[in-house]
Amino acid sequence: MNPEVLYVMDPGHGCHLQDRGRLGLKRFGVPSGGPMDPHAAEWANQLLGNPTDAPILELALQGAKLAALQAVWVAVTGADATANLPLWRVLRLDADDVMTFSKNVSGVWTYVAVEGGFVDTPVLGSVSTSPRIRLGRSFNRGSMLRRNSQHSFSMPQGVAGRMAPIAEQRNYAQPPSIRIWPGPQWDRFSATAKEAFLHHGWTLSPRSDRTGYRLEGKPIAPMLGQLISEPVMVGSIQIPPDGLPIVTLNDGPTVGGYPKIGLVDPADLPWLTQARPGQRLRFHLA
Amino acid sequence: MRWVPYGPHALLFYFADAVGEDAFRKVRAITADLELHPMKGLIDFIPSFTSVLLHFDPSVVPQPQLHVLECSARLKSAMLAKPPELETKSIPVHYDGPDLKRVADHTKLSVAEVIERHSRTIYKVYALGFAPGFAYLGDLEPRLHTPRLATPRARVPAGSVGIGGEHTGIYPLDTPGGWNLIGRTPRVMFDPSRAETSGNHQDAFLLHPGDCVQFLPQGRP
């Protein structure tokens with residue numbers, strides 16, 4: 001079978017492949033990368049019977065237009081970008097069918113999986129794209145996406161009607177309060193600062209990307225004293241001297257000197273990453 | 001050894017209170033030990049100046065906090081062992097960066113003295129971070145400490161050698177950056193194609209945690 005499966009008519013605000021990311025290289029400064037919303041990405045793959053970490057297409061916000069180059073099973077999950085096809089279920093595309101994602105209304109990241117998963121040449125063990133450090137590929141108008149056709153692929157029985165359970169189809173416009181864990185410097189922040197972080201509402205800043213999300217609101221008192229730079233986990237809530245939190249994300253630095261008041265629970269992180277600029281967010285201790 | 005949980009899947013151990021020879025010996029010993037004898041369920045580890053992060057796969061180690069004693073004993077025995085031989089890597093540098101004068105003014109040294117002092121120290125790779133292959137080098141002579149630029153540059157070319165506060169380092173990629181640029185090296189800090197050739201991901205990085213670096217001045221400005 002011809003491996004070329006999708007043609008990028010328009011990449012929109014961003015069109016990249018993600019798999020489970022680059023693991024085991026953080027001590028060399030390589031962030032893991034990977035999908036911003038693993039919950040949605042894993043569902044798209046799972047619906048098709050792919051390995052949950054098979055390479056998947058991650059679309060940002062809106063504007064993408066993708067044409068099928070052959071008949072193929074797909075599943076689209078994640079952000080609502082007013083697609084011309086239903087999300088969270090398996091669909092059959094015919095050659096020349098076009099998927100359009102015209103207007104983002106909730107969430108940020110939309111995932112497109114194809115039967116067998118996409119393929120590309122891995123760099124350091126992953127096809128994930130991390131734009132900040134220029135690893136992986138950005139797809140442009142005219143790019144072709146290839147699917148895995150090396151292994152003979154057999155669709156699981158009953159795939160045509162397969163849908164994610166309603167409870168798993170998230171409404172990103174109404175995130176729950178996000179669970180956090182105390183960060184390594186939790187005890188070094190004043191009681192007032194901790195209280196303020198948990199009880200003020202925060203608004204997601206437009207200055208947010210795969211490296212980190214910034215939160216806007218009433219600044220909290222920064223930690224007193226110096227911190228020797230130390231390892232930083234994805235989901236860390238850092239408080240720089242201006243008192244406005246920055247949450248480190250998939251393409252962010254692996255070592256840093258800002259104190260970390262908390263860590264977003266990994267299971268709740270997709271609620272944060274799917275928040276749109278201007279959206280209100282609340283946090284509570286796990 | 002002090003430790004803190006870092007979320008549900010990771011532990012952060014502090015093995016020193018300050019940077020310096022003792023902390024660096026521990027960085028080398030821990031890195032060598034964890035590379036040679038991988039810990040069960042460890043997805044990743046990050047050694048840095050005075051601490052090391054152990055990040056576990058929750059499907060193998062669901063509650064790392066139950067294994068603190070074990071991890072702590074493991075790190076202690078690693079630190080007691082003789083660290084591997086020091087590897088000093090020589091890096092040729094053309095000292096002709098756009099901020100050389102700024103560093104000279106700030107430190108009240110001549111440009112020649114800045115170059116002489118910067119290149120006479122053998123630096124320690126305490127950690128890599130910020131970008132792939134970006135090594136934080138210490139210990140920079142206190143006299144050369146120079147504050148970062150008030151406004152970072154939008155693009156610093158790969159190979160630039162800079163001073164940022166008390167650190168010095170080499171930019172591995174064209175990235176934005178706020179360090180004072182004092183020179184440039186032709187050596188490639190990060191090249192994924194080297195890893196594809198050898199099949200070993202670590203070969204993509206010229207500098208590894210625990211290495212030492214000596215800058216060799218090339219010509220004179």
Side-chain angles (χ1 to χ4, degrees), chain A residues 20-34 121-126 130-136 179-188 211 226-237 248 251-257 260 262-269 285-286, chain B residues 3-12 14 16-19 23 27 31 34-35 38 42-55 57-58 126-136 165 167 172-176 189-190 192-193 195-196 201-202 204-210:
Chain A
R20 65 187 187 140
R22 296 179 178 84
L23 304 182
L25 293 173
K26 287 212 171 90
R27 68 183 179 282
F28 297 103
V30 182
S32 55
T121 312
V123 178
L124 301 178
S126 167
S130 292
R132 178 180 75 95
I133 53 166
R134 300 209 190 86
L135 287 181
R179 259 179 311 170
I180 67 161
W181 296 74
Q185 284 76 44
W186 171 259
D187 289 337
R188 292 178 62 187
T211 299
Q226 285 289 310
L227 180 69
I228 298 172
S229 290
E230 62 177 38
V232 182
M233 298 263 300
V234 169
S236 294
I237 303 164
T248 305
D251 294 353
T254 52
V255 168
K260 297 161 289 288
L263 177 89
V264 177
D265 188 279
D268 274 12
L269 198 55
L285 268 182
Chain B
W3 68 278
V4 289
Y6 198 159
H9 307 319
L11 304 169
L12 182 58
Y14 294 94
D17 295 320
V19 295
V27 166
T31 305
L34 293 176
E35 283 183 351
L42 196 67
I43 294 179
D44 216 340
F45 70 98
I46 311 178
S48 68
F49 298 86
T50 56
S51 57
V52 60
L53 177 89
L54 304 180
H55 181 190
D57 176 348
Y126 281 106
L128 290 94
F130 172 63
F134 188 100
Y136 289 93
H167 299 299
L173 299 168
D174 291 359
T175 51
M189 296 294 118
F190 171 54
S193 71
E196 307 309 327
H201 291 165
Q202 303 189 14
F205 311 93
L206 184 65
L207 300 179
H208 292 205

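Letters A, B, ... mirror the listed sequences (proteins, then strands); counts begin at 1.
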Q.
Rounded at 0.5 Å granularity, tell me how far CG in L128(B) sits from CG in L25(A).
A. 11.0 Å
Q | Spatial distance of atom OG1 (T175(B)) from atom CD1 (I133(A)) [nearest 0.5 Å] | A | 11.0 Å
With a 4.5 angstrom heavy-atom cut-off, could you sort out which part of [X] is near chain B: side chain, backbone, both or neither?
{"X": "Q226(A)", "value": "neither"}
{"X": "I180(A)", "value": "neither"}
{"X": "D265(A)", "value": "side chain"}
{"X": "V232(A)", "value": "both"}

Considering only heavy atoms, which portion of [X] lies under 4.5 Å from any heavy atom of chain A: side chain, backbone, both, or neither?
{"X": "L207(B)", "answer": "backbone"}
{"X": "A135(B)", "answer": "neither"}
{"X": "D57(B)", "answer": "neither"}

Most heavy-atom pairs under 4.5 angstrom with chain A, which of [options]?
{"options": "A195(B), A127(B), A131(B), A204(B)", "value": "A131(B)"}
{"options": "Y6(B), F49(B), F134(B), Y126(B)", "value": "Y6(B)"}
{"options": "P172(B), G7(B), P58(B), P8(B)", "value": "P8(B)"}
{"options": "V4(B), L53(B), I43(B)", "value": "L53(B)"}

Q) Between R22(A) and H201(B), does a side chain to side chain contact (heavy atoms under 4.5 Å, CB included) hold up when you go through it step by step? A) CA-CA 10 Å; R22(A) 296 179 178 84; H201(B) 291 165; over 6 Å; no
Go through [options] and name the one with the most non-hydrogen pairs under 4.5 angstrom from chain B.
{"options": "V30(A), L124(A), T254(A), V255(A)", "answer": "L124(A)"}
{"options": "G235(A), P266(A), G252(A), S32(A)", "answer": "P266(A)"}
{"options": "M233(A), R132(A), K260(A)", "answer": "M233(A)"}

Q.
Applying side-chain contact (heavy atoms from CB on, under 4.5 Å), can you list everything that pairs with S51(B), at least two apart in sequence or on another chain?
A. E230(A), P231(A), L12(B), Y14(B), S48(B)
Q) Quick one: side-chain contact (heavy atoms from CB on, under 4.5 Å) partners of D174(B), sequence neighbours excluded? A) R134(A), R155(B), P157(B), A158(B)
**Q.** Heavy-atom pair with the smallest gap, counting every atom of D44(B) and K26(A)
**A.** OD2-CG, 2.9 Å
Q: Could you tell me how the ring of H208(B) sits relative to the ring of F28(A): parallel (under 30°), tilted (30 to 60°) or perpendicular (over 60°)?
A: perpendicular
